[in-house]
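Following: one structure in structure tokens, then a few remarks.
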Amino acid sequence: MSIIYREKESTFQLDTPGSSYILGLADKEKFAGHIYYGRKIGEDDVAYLMRTEEPPFLPSENNRDRNSFLDSFPMEYPGSGGGDYREGAVGVCTKGGHRTVMPLYKEHRIYSGKPKLEGLPATFGTEEDCDTLELVLEDKLLHLELVLYYTAFRELDVITRSIQVRNQGTEEIYLTKVMSLSMDMDNRSYDMISLNGSWARERRIQRNPLGIGRQSVGSVRGVSSHQAHPFLALAEKNADQKRGEVYAVNFVYSGNFLAQAEVDQFGSVRLMMGIHPEGFCWKLEPGERFQAPEAVLVYSCEGLGKMTRTFHDLYRNHLIRGKYKDKKRPILINNWEATYFDFDTEKLLEIAREAAGLGIEMLVMDDGWFGRRESDNGSLGDWEVNEEKITGGLKYLVDEVNKLGMKFGIWLEPEMISPDSDLYRAHPDWAIQVPGRTPSLARNQLVLDLSRPEVLDCIYEKVAKVLRSANIEYVKWDMNRQLNDMGSAKLPADRQGELYHRYVLAVYELQRRLTEEFPRILLENCTSGGGRFDPGMLYYSPQIWCSDDTDAVERLSIQEGTAMIYPLSAMGAHVSDCPNHLLGRSVPFATRGYVALAGTFGYELDVTKIPREEREMIPEQAAMYHKFNDLIRTGDYYRIASYQENHEYDCCQVAAKDKSESLVTFIQVLGRANFRSRRIFLEGLDPEKRYQIEGESRTYRGDTLMYAGLNVRSFLGDYQGKLIYLKMV
Ligand code: DGJ
């Protein structure tokens with residue numbers, strides 16, 4: 001058991017292999033206080049760290065200064081409006097319009113294993129993997145119970161947190177805010193690391209010193225978004241890839257979120273993660289419960305690199321599911337950048353015939369096969385095959401592709417409705433909109449009100465009918481606009497504030513149904529590229545399209561930011577045509593292959609039209625994929641050099657868990673005149689063992705390669721790269 005309760009001191013200690021998380025109860029009122037989170041410590045009485053023996057003292061001893069106490073005590077889950085002027089984790093509005101909430105300890109339970117979160121994605125673990133503490137807080141006046149779930153993983157430095165709010169009273173209560181995690185950390189100076197971006201520029205790493213006040217990242221776009229990412233790390237000033245303490249939090253949720261660090265008057269930090277309170281108001285009837293999503297805490301005292309590897313192991317083993325969880329994915333070719341909307345059966349078969357001979361294993365038919373969709377202006381919701389384009393029908397096309405020895409995949413955007421669609425003409429009230437207000441369009445489309453069960457059922461049936469009609473083995477689930485004009489024709493006035501969250505729950509329900517009915521299907525989520533690349537989506541789809549930017553140089557930064565949290569097996573990455581359609585940049589075909597190899601690997605081009613020399617390289621790239629993918633999918637990832645930081649070259653490495661082999665990807669983005677080789681320092685090798693680099697006759701000791709380094713000769717020209725493959729001898 002990795003969780004203990006020390007009755008004498010009223011403290012709880014949660015241990016993982018390298019970290020301890022300690023909380024305790026203070027005063028007769030039993031305030032739940034945060035004591036410590038960090039490097040693992042042994043059995044000791046550390047309740048003194050709550051400073052209850054210092055002024056302003058405990059309220060029962062000094063009620064005169066109760067506010068000062070509340071405003072400085074390290075709350076484990078702070079209420080609102082009661083005298084703690086830092087940001088509260090929970091917000092309410094009672095029937096009488098009052099907003100103060102003060103949760104205090106009621107009881108607790110400790111057990112092995114991890115409960116499921118109803119209707120929500122979450123990490124999972126068996127009784128052998130993890131232990132859980134349920135800490136029940138209550139506000140007696142409001143008859144409101146808050147059950148805080150903490151799960152400590154036995155093999156990983158991970159603690160997950162979530163909360164369930166229960167209305168035990170006789171009157172309804174409105175929840176205006178429910179953070180999944182709040183943690184008061186003591187005064188130390190940190191840098192805050194977040195991932196930010198835009199469409200086609202997702203997940204750029206940003207690092208800033210944390211100053212007094214509230215610093216946050218968040219999304220109110222209805223999706224986790226391209227712009228912000230549900231991730232925040234606090235790192236010691238000197239923390240780098242190998243050294244220093246890092247506290248990271250990632251949110252297993254795909255909608256609005258707030259990730260915030262607040263530094264108070266004493267320099268203490270309150271870290272929070274949860275559903276963004278903006279636009280959120282959830283009515284809780286007597287007896288009802290509200291389940292907040294899960295936040296994942298990772299601790300590392302070996303820098304950002306260890307944090308990354310912990311996330312990768314957690315998500316590979318305790319989040320990603322399904323047939324492809326631990327399997328190599330078929331090399332796919334997608335026709336989006338090849339044809340956009342201009343394709344028919346013959347064109348697709350022409351691509352498939354050529355691709356099959358080159359070692360490509362699956363054809364994916366992208367947007368434009370249904371309704372009357374000749375552009376992105378209409379037909380979303382009309383999920384019937386356009387037989388004028390797909391002549392012979394979908395089954396014929398799929399069978400023909402299968403005859404070539406290839407699998408077949410299809411693109412869908414089930415959450416949407418075009419104003420120009422039969423579905424909208426029949427059910428205009430099925431779109432999210434505010435009565436009397438013309439909703440703002442994005443890509444000429446609206447979002448379906450999936451909070452309505454009849455809408456969800458109808459869309460699922462339409463989509464499932466297509467998937468049942470042929471041997472479809474892959475789905476690219478797209479989502480090309482964010483939410484606004486929030487209004488549901490069905491929800492009552494006092495439940496309209498539930499729409500954002502109900503929408504996300506409905507998306508999860510759709511994906512649950514799809515993955516359960518079609519376990520053969522490899523699901524790849526996509527949101528105009530990487531606008532919903534989050535752990536929530538990863539629970540349903542083992543891979544997510546990383547970005548619509550397929551330029552290999554831009555991808556270096558996008559994939560670096562993504563891989564800081566998510567395993568390489570999850571990163572949708574393809575070789576596309578040049579000049580790149582978004583940037584106009586031309587990068588050698590080989591380099592495009594090396595960059596895509598660090599993800600799921602596939603093609604996004606018209607293989608019948610690319611230059612012959614490039615086409616001839618595809619079988620070699622396919623062989624490279626088959627040779628290295630097991631290592632890339634399962635190994636330990638190391639960030640060796642960052643093009644984002646040095647503006648010249650990029651280098652990452654994957655080492656097998658047993659250290660027997662390793663692959664280094666080195667990309668020289670910019671060449672320099674009169675420049676010598678660059679020294680790189682490998683990681684993850686056995687210092688005592690010898691390694692041979694493929695293509696070289698000599699061997700190196702592991703410690704030589706890690707501590708003394710390896711020289712990589714400069715290339716002539718920009719955008720050049722190479723793979724360095726080493727094997728233990
Ligand atoms: C956005 C996706 O990210 C693209 O890959 C493509 O599928 C288009 N949508 C299709 O509309």
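In each ligand, atom 1 is the first atom listed, and ligand 1 is the first ligand listed.
No side-chain donor from either of Trp369 and Asp366 sits under 3.5 Å from a side-chain acceptor of the other.
His229 has its ring centre less than 6.0 Å from the ring centre of Tyr566.
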Using the salt bridge (charged side-chain N to carboxylate O under 4.0 Å, His left out) rule, take Arg353 and Glu346 through it: C-alpha gap first, then chi angles, then the decisive distance, then the call. CA-CA 10 Å; Arg353 279 182 215 113; Glu346 199 31 53; 3.2 Å; yes
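The backbone N or O of Asn471 sits nowhere less than 3.5 Å from a side-chain atom of Arg520 that would complete a donor-acceptor pair.
Relative to the ring axis of Phe341, Arg373 does not place its NZ or CZ within 45° and under 6.0 Å from the centre. Cation-pi check for Lys389 over Phe343 is met; the charged atom lies under 6.0 angstrom from the ring centroid and within 45 degrees of its normal.
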Which atom pairs, nitrogen or oxygen on both sides, join ligand 1 and the protein at under 3.5 angstrom?
residue	atom	partner	partner atom	Å
ligand 1	3 (O)	Gly529	N	2.9
ligand 1	3 (O)	Asp548	OD1	2.4
ligand 1	3 (O)	Asp548	OD2	3.2
ligand 1	5 (O)	Lys476	NZ	2.7
ligand 1	5 (O)	Asp548	OD1	3.4
ligand 1	7 (O)	Asp366	OD1	2.7
ligand 1	7 (O)	Asp366	OD2	3.3
ligand 1	7 (O)	Trp411	NE1	3.1
ligand 1	7 (O)	Lys476	NZ	2.9
ligand 1	7 (O)	Asp478	OD2	3.3
ligand 1	9 (N)	Asp478	OD2	2.6
ligand 1	9 (N)	Asn480	OD1	3.4
ligand 1	9 (N)	Asn480	ND2	3.4
ligand 1	11 (O)	Asp367	OD2	2.6
ligand 1	11 (O)	Arg443	NH1	2.9
ligand 1	11 (O)	Arg443	NH2	2.9

